[in-house]
Asks: 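Dropping the structure in here first, questions after.
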Amino acid sequence: MNPDRPIGIFDSGIGGLTVAKSIKNVLPNEQLIYFGDTVHMPYGDKSADAIRYYCLRISKFLLEQNCKMIVIACNSASSAAYDVLLDFFEGKVFFVNVVDPLVEEVKRKNLHNVGVIATKATIHSSIYKTKIKAINQKIKVSQLATPLLAPMIEEGFYTGNIANSVIENYLNNPELEGIEALLLACTHYPLIKKDIEAFYHHKILVLDSTDVVSKTVKDILEKENLLAQKPMDQDIFYVSDYTTSFEESARMFYGNSIHLEAKTL
Ligand code: DGL
């Protein structure tokens with residue numbers, strides 16, 4: 001496989017840009033081809049079958065773009081579709097999901113009592129609980145669906161009173177009492193990480209998937225001798241439905257340099 005090929009990254013919308021940004025920071029030579037499925041977002045409220053169907057189509061598109069690796073930068077998609085994508089595209093491309101690197105952190109940090117907040121799709125799949133219990137059955141895993149957070153962040157409410165009162169409302173849930181760490185199991189949530197840490201007065205560990213996922217991407221490409229050796233072409237950011245409001249939100253997630261292009265699959 002040619003190391004000059006791009007890395008594909010996709011999400012239901014623009015939340016996955018938090019992961020794309022981290023990958024770009026760690027691997028500046030790589031060309032990224034991002035696909036945000038804004039026609040179908042939020043994935044968090046969809047059935048697993050619908051999410052799988054969207055993911056198969058997007059992955060097929062990213063393969064047509066010659067991607068050497070596809071990063072599923074969405075927890076809802078990772079929990080519903082990762083296994084299906086591995087089977088369907090076996091041997092054709094490397095897939096990285098956003099769940100396993102975060103679960104690996106629970107093991108690495110030797111945590112025993114963790115909370116997980118995410119969309120309904122991710123929580124109903126119980127993927128974090130299952131994978132963490134597989135490390136050690138004794139680890140306590142408390143899960144809470146927090147469906148208002150992703151749309152709230154996308155609308156630009158990621159600091160201030162409104163954000164803080166929604167965050168407080170969710171995190172005061174008795175389900176999360178006594179946790180030593182909270183996993184932000186949605187790629188939108190890094191934008192409210194500071195508010196969440198402040199809610200807990202910095203007394204518990206708050207973990208998100210951005211840096212652990214980009215490290216995983218780097219490790220795999222390094223191991224497979226697939227790291228781009230010189231700066232590649234410009235990154236491309238596709239969305240299945242383009243609006244100026246998505247463009248504005250994308251800047252908030254990625255930075256001012258971003259420009260979205262419409263792409264119907
Ligand atoms: N970014 C998605 C995730 O990580 C959540 C947004 C959505 O529901 O589409 O699950």
Side-chain angles (χ1 to χ4, degrees), residues 8-23 34-55 57-59 70-82 84-85 95-103 105 115-129 131 143-158 163 166-167 170 182-193 196 206-214 216-217 237-241 243 245-246 249-250 252-254 260:
I9 305 177
F10 77 89
D11 176 47
S12 58
I14 45 197
L17 288 170
T18 55
V19 177
K21 192 176 171 182
S22 175
I23 294 174
Y34 184 90
F35 189 90
D37 194 10
T38 45
V39 164
H40 297 118
M41 68 175 230
Y43 279 7
D45 296 335
K46 301 285 188 306
S47 69
D49 278 346
I51 297 173
R52 281 181 203 121
Y53 174 70
Y54 306 146
C55 293
R57 291 191 61 178
I58 297 167
S59 300
I70 296 177
V71 181
I72 312 167
C74 172
N75 284 266
S76 313
S78 293
S79 52
Y82 176 60
V84 173
L85 295 176
F95 277 100
V96 170
N97 69 64
V98 285
V99 175
D100 289 329
L102 206 45
V103 168
E105 276 298 280
V116 181
I117 58 169
T119 64
K120 287 186 217 166
T122 303
I123 295 300
H124 292 162
S125 76
S126 262
I127 190 151
Y128 279 90
K129 195 167 200 161
K131 288 191 180 240
Q143 311 185 95
L144 184 71
T146 49
L148 264 186
L149 293 181
M152 175 190 90
I153 295 164
E154 225 157 89
E155 280 302 319
F157 293 99
Y158 54 93
V166 176
I167 291 167
Y170 278 134
L182 183 68
L183 309 190
L184 306 186
C186 172
T187 51
H188 281 70
Y189 300 174
L191 269 77
I192 51 167
K193 188 173 181 178
I196 292 177
V206 180
L207 300 171
D208 73 77
S209 51
T210 53
D211 293 349
V212 284
V213 170
S214 47
T216 303
V217 167
F237 298 90
Y238 293 113
V239 281
S240 49
D241 184 32
T243 65
S245 138
F246 287 141
S249 303
M252 170 179 101
F253 279 88
Y254 195 83
L260 301 181

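Side-chain atoms are counted along with the backbone in the values below, which use heavy atoms only and exclude waters and symmetry mates. Ligands are counted one by one from 1 in listed order, and the atoms in each one are counted from 1 as well. Because the structure is a prediction, the values reported are computed rather than measured.
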Asks: Can you see whether Asp11 engages Tyr43 through a side-chain donor-acceptor pair at a distance of less than 3.5 angstrom?
Replies: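 No donor-acceptor contact under 3.5 Å links the two side chains.
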Asks: For residues 34-45, pull every pair meeting salt bridge (Lys or Arg N to Asp or Glu O under 4.0 Å), keeping only residues two or more places apart or in separate chains.
Replies: Asp45-Lys120
Asks: Measure the acute angle between the ring planes of Phe237 and Tyr34, then classify it against the limits of 30° and 60° as parallel, tilted or perpendicular.
Replies: tilted
Asks: Cut-off 3.5 Å, side chains only: do Thr122 and Thr119 have a donor facing an acceptor?
Replies: yes
Asks: Write down, by chain and number, every protein residue that brings a non-hydrogen atom to less than 4.0 Å from an atom of ligand 1.
Replies: Asp11, Ser12, Pro42, Tyr43, Gly44, Cys74, Asn75, Ser76, Thr119, Cys186, Thr187, His188
Asks: Do Ser209 and Tyr189 get their side chains close enough for a donor-acceptor pair, meaning under 3.5 Å?
Replies: no
Asks: How about Ser22 and Thr210: does a side-chain donor come under 3.5 Å of a side-chain acceptor?
Replies: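 Note: Ser22 and Thr210 side chains miss the donor-acceptor criterion.
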